[in-house]
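As a basis for the values below, the full set of heavy atoms in this structure was taken, side chains included, without hydrogen atoms, waters or symmetry mates. Numbered from 1 within each chain, the chains take letters A, B, ... in sequence-line order.
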Amino acid sequence: MTQLHLDQAQIDRARDSARRIAQRVYDEMSRFTTTTVERATLRLLGVDGVDENLVPLPNRVVSHLQERQLLQHGAASAVLGAMKEHGLSAMQVAEAVAAGTLSLNRPKNEAAARADADAQARSMCERIIRQRTQREARIKSVGEASLPWLYLIVATGNIHEDIVQAQAAAEQGADIIAVIRSTGQSLLDYVPYGATTEGFGGTYATQENFRLMRAALDEVGERLGRYIRLTNYCSGLCMPEIAAMGAIERLDMMLNDSMYGIIFRDINMQRTFIDQFFSRMVNAYAGVIINTGEDNYLTTADAYEAAHTVLASQLINEQFAYLSGLKPDQMGLGHAFEINPEMENGFLWELAHAQLVRQVFPDAALKYMPPTKHMSGNIFMGHLQDALFNIVSTATRQNIHLLGMLTEALHTPLIQDRFLAIQNAKYVFSTMKDLHAEIQFKPGGLIESRAQTVLAEAERMLAEIEEIGLPAAIGKGMFAEISRTPDGGKGLDGVVRKSDDYYNPFPKLMLGGR
Amino acid sequence: MTQLHLDQAQIDRARDSARRIAQRVYDEMSRFTTTTVERATLRLLGVDGVDENLVPLPNRVVSHLQERQLLQHGAASAVLGAMKEHGLSAMQVAEAVAAGTLSLNRPKNEAAARADADAQARSMCERIIRQRTQREARIKSVGEASLPWLYLIVATGNIHEDIVQAQAAAEQGADIIAVIRSTGQSLLDYVPYGATTEGFGGTYATQENFRLMRAALDEVGERLGRYIRLTNYCSGLCMPEIAAMGAIERLDMMLNDSMYGIIFRDINMQRTFIDQFFSRMVNAYAGVIINTGEDNYLTTADAYEAAHTVLASQLINEQFAYLSGLKPDQMGLGHAFEINPEMENGFLWELAHAQLVRQVFPDAALKYMPPTKHMSGNIFMGHLQDALFNIVSTATRQNIHLLGMLTEALHTPLIQDRFLAIQNAKYVFSTMKDLHAEIQFKPGGLIESRAQTVLAEAERMLAEIEEIGLPAAIGKGMFAEISRTPDGGKGLDGVVRKSDDYYNPFPKLMLGGR
Amino acid sequence: MTEQWVKPYGDTLGDGRVQLSFTLPVALDETTKEGAKRLAAMMGIDEPALAHAEDMGRGFSFFIVYGLCRHRVDLASLHVVKPEYEVLDKEAINRLIADKLGRRMVVLGACIETDAHTVGIDAIMNMKGYNGHKGLESYHGMRAINLGAQVDSEDLVARAIEEQADVILVSQVVTQKNIHLDNLTRLSDLLEAEGLRDKIILVVGGPRISHELAKELGYDAGFGTKTYAEDVASFVIHEWIKRGAA
Amino acid sequence: MTEQWVKPYGDTLGDGRVQLSFTLPVALDETTKEGAKRLAAMMGIDEPALAHAEDMGRGFSFFIVYGLCRHRVDLASLHVVKPEYEVLDKEAINRLIADKLGRRMVVLGACIETDAHTVGIDAIMNMKGYNGHKGLESYHGMRAINLGAQVDSEDLVARAIEEQADVILVSQVVTQKNIHLDNLTRLSDLLEAEGLRDKIILVVGGPRISHELAKELGYDAGFGTKTYAEDVASFVIHEWIKRGAA
Ligand code: B12
Ligand code: B12
Ligand SMILES: Cc1ncc(COP(=O)(O)O)c(C=O)c1O
Ligand SMILES: Cc1ncc(COP(=O)(O)O)c(C=O)c1O
């Protein structure tokens, strides 16, 4: 497609607003840590496993520190201090705490504990870098998928069945496999442990499940000569821990949004902003591509009326991402083809919107979501909606292409649904291969005007948010028509004001001294 | 769509070649009549019905004249002479001939017989004009469908079941109903009689079936507030008779091609050209829109390689149509979306071709056919091929839009196949309503270049045909890769050289003195 | 009652034509194809024709079958369980509530347990409503309290007691592995345990919910796709009146 | 033989998930919907869910159903009728013909009776072939005569006598109202009547033709979609050798 005529100064103004909005949240929130940030820190320092009640050890240790009013100093130095004092490994410390045989205190020698923590953290960072290097090496040796990457979900609830489906999907042409998470996991304030075989609408995200799926995809990728990317959900009450687990197990992408949990899971907003910062930092360091969740707005709000909220949110997500060290090519900013199929000229509006997003974020790894909300049980009609989505995607050069399922309104995908979805996308992408370069928008026409309008509305919205602050904006239901308050929602009890001597070894290692 | 840059002089040259090609065939063929032209003439003069062996009376009379070496003078004056001499109606003459109680001769008073024939013919012409007027009045009173007209087939083999399906189709959105003809009817050298309930892959075309379906569509059209057009096949060995029946029963459209029978039914070419001229004259007079059959070429030849043969044939069909008095808006020149779905950029080539045809024939009522050849038993994939066809159709503003069936490779349409086809088209046409005006072709791009190439190839092909003559071109297999010779094929025995005093009252009435 | 037998219809009355698609967990070969046809035959499909058979890789094959269904059903013999009430408009409902209750009816709504799909319950409860049909919040005869997503059954029951609810409306959208059955049973058991079941009109809705299923689970009614606030409200006031009469 | 039971597979081994669509010749209402589910149940579909139900106007309704197929089939128990031969390449076939016949094999091809779909028979017979697989005309061991469309069975048999044909290849594409069965039976009866049936290898092909059907009709083999010249040629020479041996 030729470019739409957009006012670059207007884009810059909108982006500047977003930067100040994000910075203000960041400045306010960096005075806090959370239970899950500390648990993630412990995981990165080597604590894993569960107690006899299946409570993860990182939870046990952090609760212990919280009870003893120590968490505000950061979990790292207390644990590292105990390791040195008792000659234990991190795991042994955690086990002892869980067994009640060890009580943690502030380290005798804070400086030494910090130095130890740094050393331990450095070795984890090296491990993560090795995974990152291995990803690059594998892509080089087995081969890289061509753009757009076809993204498919598996959601059987059973990791072993998921593997069967994921490998079949890869054989059929998937470039990315997302293991959908069980409903409800995002509200668990711990991460389940081990391989799991029961879940509803998805499979629990656990480190072992990550590992199993990673190995399965490496195997099938080698066979197919195409590196198959693995994705999971870095959202909910354990966002930072999932990021840590993903970094260790070489996940390639993570759903990771700055506001999704607040809006769609009623998770407390302070908690989310803090967790989000830490998790993104880990993702950035691990070379993970994050996927933001603006597409979700259009499942509750109308795709035409709320188009500008998607763009405004993307600009905010982008700025939060920069603050955590993510590069543009790690930003899978999300948007979606959620237009009502009964709307006259709906296709034109989707085309305008997708192209607008493409131009505002020329270097981002845009994630484009298929129709979901207006899919019905008429699978034949649904297959067509997906085809039109595929067309817009190729015409506007999206990067990460989630495949629409003809049975979206009915069930998580059956194996044949995925098969048909891939055929749909491959047909469209091939028969329209060069369409994007051949077709031009009429200057001043409906499509261009629509894009300009959406941009102007997004600019105005961001100016308003800058005025009142992001929490107030969310309070007003400016995103997805859902309103949340700063002190409402789940997980506020996990937010802890840092003491002045709070210590965490990772930010300086991962962000390079921020 | 904006216009492609095409060389108008090149178009003019191609059209001039086609004019000379058609004129030459016309000049050679107007020295002949055929058995079916004479039978059609008799039908228009009021002969109908069958004998006890179900042989139609027009056939009995024409055979009788042929046996008596009288056919070369034209059937009209012999019959009219006998009417006057014996005080009989046309039907009574035919019955008497069939019963063997009357032998026809040259009329005693040739001039009087001709005058009677003229009078009788004039009253039939008035009847046809009344049907034409009624069509216009009905369109005005019940309402006209919006463009493109959705064209659906019914093909149960049973006229009563066809009516059920046709009315259901109209309710679902069809603007045009085509009653597909039984396989094999085109090779019958007579037209079956009465309502029929057995056919294979279609229902016999009979005057009674025409009448029943016309009434059913008038009824449903009134209910829906939309005049529903009726189509049948004016092809095969009885082309002129079908035209006559259609004119009488107010059919609105007719498949009527100058070469289809030659190429696809191996009907003798002389026979076809003569029959074609007469049938088109009747169609023109009755206000019928003809549909030509170039789409069929691409069922045997490749859609990409043979694209120019379609254009060349359309130009020839156009010139033949002018010779018979058809106006551009009665010319449903045919083309088709028959590209191999596995061909890279295939959609672009189809877009180029459809737009080329649109621009070369700006005033024609273009008939655009859906994918058929590359449809497979994978109905889900087929539904998508049909959607892409729908897109090209609306983007290039076609007039008569045949609906593609997801089960094309399997069976004549089930009621649900039609239902889904209409949903497909309506969705595309609505969601892309103004796309045609919004999207422009890149100047000098792949699409434009492709259109220019096809045009150039068509011009070259027509120049070559002009050189060697149309019969020789057909002999060389230049259309559809099928070769036919001037004396080969079925029906040559029905070609009769006109005597110098050959008389037929219709051309001068219908063409206004040509 | 006169019988009314029907059969699937393709292009001729009684032809029985149906379309079928499925996957078999085996690689494609002649035997698998025969197996696919055999399965169709076991379903009572005469002349099953494999319209399409395609290998999906990794030992899976996809099939599309057309054929003639031998079965027929007598529609006249079917007894369809559906809530019996007349759909009224907002005014009429408000008037009935005023008449019969003499106070506002308290309606509690929630998406229970792990289910977070609120769009459906919002469509019924919230002011805005759905497709131009205003929600229960807009009925001045009702006090409509929407608790939103992922509400624990315990919390819902506690709240029902607190608010002296007349009606509980629950939404269940996720049905994978039949999780909705567990959730719904759990709620009604809790209400039973609190001795509230008879006092409260208990209604469930969602795209895969039928009235029949709701009744089986001991609910008073079930509503599927394309339900509007007035449908539920009409049922509820009707049910209230019926209970009063009983 | 060890049993190999299979069931349709959706997302869990043994779940039996299938998709179904059909029309009922009645207007849509709750009873019709129930009827649709009942039909699915009669087919052995457990938990039939109406994914979609839509009125089509004029007393027709369209249904899409998903459910769990109760049936399973033991693949190991199936005996698939298929022509037994090894597919050879052109060279090998030509060599075998030279060896065993010592002359060119005469192959007559036609689309018989009302059927005018020549693309299939052309794909097998003509020089050009199909999808890069050359047709029988290109086999120097064969004299391939393609009579084209709508050939009367009588004419075909007469020509077979005249040419001393070894093989007749017929194509049947139109199958509506089973017209192909009539046509094919007619041809084989005529050959029988002429006493030619045993002398000639008789093969039929077309998109809806299976080997099983061909055998039932008394043909030597049947070929469906995606057949190439070498498949037929391999069968034919194999059959010739087998007959010689017998
Ligand atoms: C929007 C949506 C979401 C949004 C929800 C946002 C929100 N605040 O509600 C988000 C993105 C958050 C989401 C998340 C998930 N979703 Co979701 N989602 C959908 C989607 C696209 C649309 C649902 C919708 O809003 N429909 C519109 C409303 C108006 O329709 P409705 O719910 O049917 O409601 C009407 C009637 O049913 C009835 N009704 C409904 N409730 C009630 C209650 C009463 C009392 C009454 C009277 C009537 C009534 O009236 C309503 C109006 O007419 C569907 C797919 C689809 N097209 O249907 C999937 C879908 C429902 N989701 C699904 C899944 C699996 C999930 C996840 C579990 C995936 C995951 N593992 O991450 C998550 C987790 C959510 C959770 N914990 O529950 C599956 C469910 C599969 C199944 N049958 O079990 C679906 C079908 C998609 C799929 N094919 O996989 N989802
Ligand atoms: C092209 C075509 C035509 C062309 C035919 C041109 C020609 N010269 O052949 C035209 C436009 C003339 C035509 C007309 C009609 N057609 Co037509 N046509 C088709 C179409 C689109 C493609 C068929 C084709 O060429 N396939 C490609 C070839 C290569 O595949 P194939 O035939 O399967 O052949 C392969 C194998 O089957 C096998 N094979 C085939 N024959 C043989 C023989 C032997 C011995 C062997 C070993 C193998 C073999 O090998 C081949 C190569 O692998 C199909 C729909 C579709 N997509 O399939 C409808 C279709 C076949 N036609 C159909 C109908 C009804 C008609 C008409 C009767 C409609 C009408 N009433 O006017 C007419 C009349 C034709 C007649 N008298 O027979 C129906 C048949 C329905 C049915 N099952 O009965 C179809 C399915 C369309 C539909 N859905 O309605 N048609
Ligand atoms: C950014 C983001 N996070 C998470 C999820 C999944 O939700 P949860 O993990 O909270 O169930 C989604 C849903 O698509 C999402 O877009
Ligand atoms: C112009 C034309 N005539 C006739 C037919 C139908 O063929 P027939 O009537 O010879 O069976 C077609 C086929 O689509 C056609 O395009």
Task: Rounded distance (nearest 0.5 Å) linking atom NE2 of A:His383 with atom CG of B:Asn424 - done: 11.0 Å
Task: Residue B:Met343 versus chain A: region with a heavy atom under 4.5 Å - done: backbone
Task: Donor on one side chain, acceptor on other, A:Asn378 and B:Gln423, under 3.5 Å - done: yes
TODO: Could you pull out the closest heavy-atom pair between B:Asn345 and A:Met432, with the gap in Å?
DONE: OD1-C, 3.8 Å
Task: Segment of A:Leu420 engaging chain B (4.5 angstrom heavy-atom cut-off) - done: side chain
Task: Spacing of A:Phe347 atom CZ and B:Thr394 atom OG1 [to the nearest 0.5 Å] - done: 11.0 Å
Task: Atom pair CG/CG of B:Leu435 and A:Leu351 - distance to nearest 0.5 Å - done: 7.5 Å
TODO: Look at the side chain of A:Thr431 and the backbone N and O of B:Pro341, then say whether any donor-acceptor pair between them is shorter than 3.5 Å.
DONE: no
- [ ] Check whether B:Leu384 gets within reach of chain A through its side chain, its backbone, both or neither, counting any heavy atom under 4.5 Å.
- [x] both
Open item on the list: For B:Glu342, which atoms come within 4.5 Å of any heavy atom of chain A: side chain, backbone, both, or neither?
Closed with: backbone
- [ ] Quick one: closest heavy-atom pair of B:Phe441 and A:Gln440, and the distance?
- [x] O-OE1, 4.2 Å
TODO: Can you measure from CG (B:Leu348) to NZ (A:Lys433) and round to the nearest 0.5 angstrom?
DONE: 10.5 Å
- [ ] Please state whether the side chain, the backbone, both or neither of B:Ile339 comes within less than 4.5 Å of a heavy atom of chain A.
- [x] neither
Open item on the list: Return the CD1 to CD1 distance between A:Ile439 and B:Ile439, rounded to the nearest 0.5 Å.
Closed with: 5.5 Å
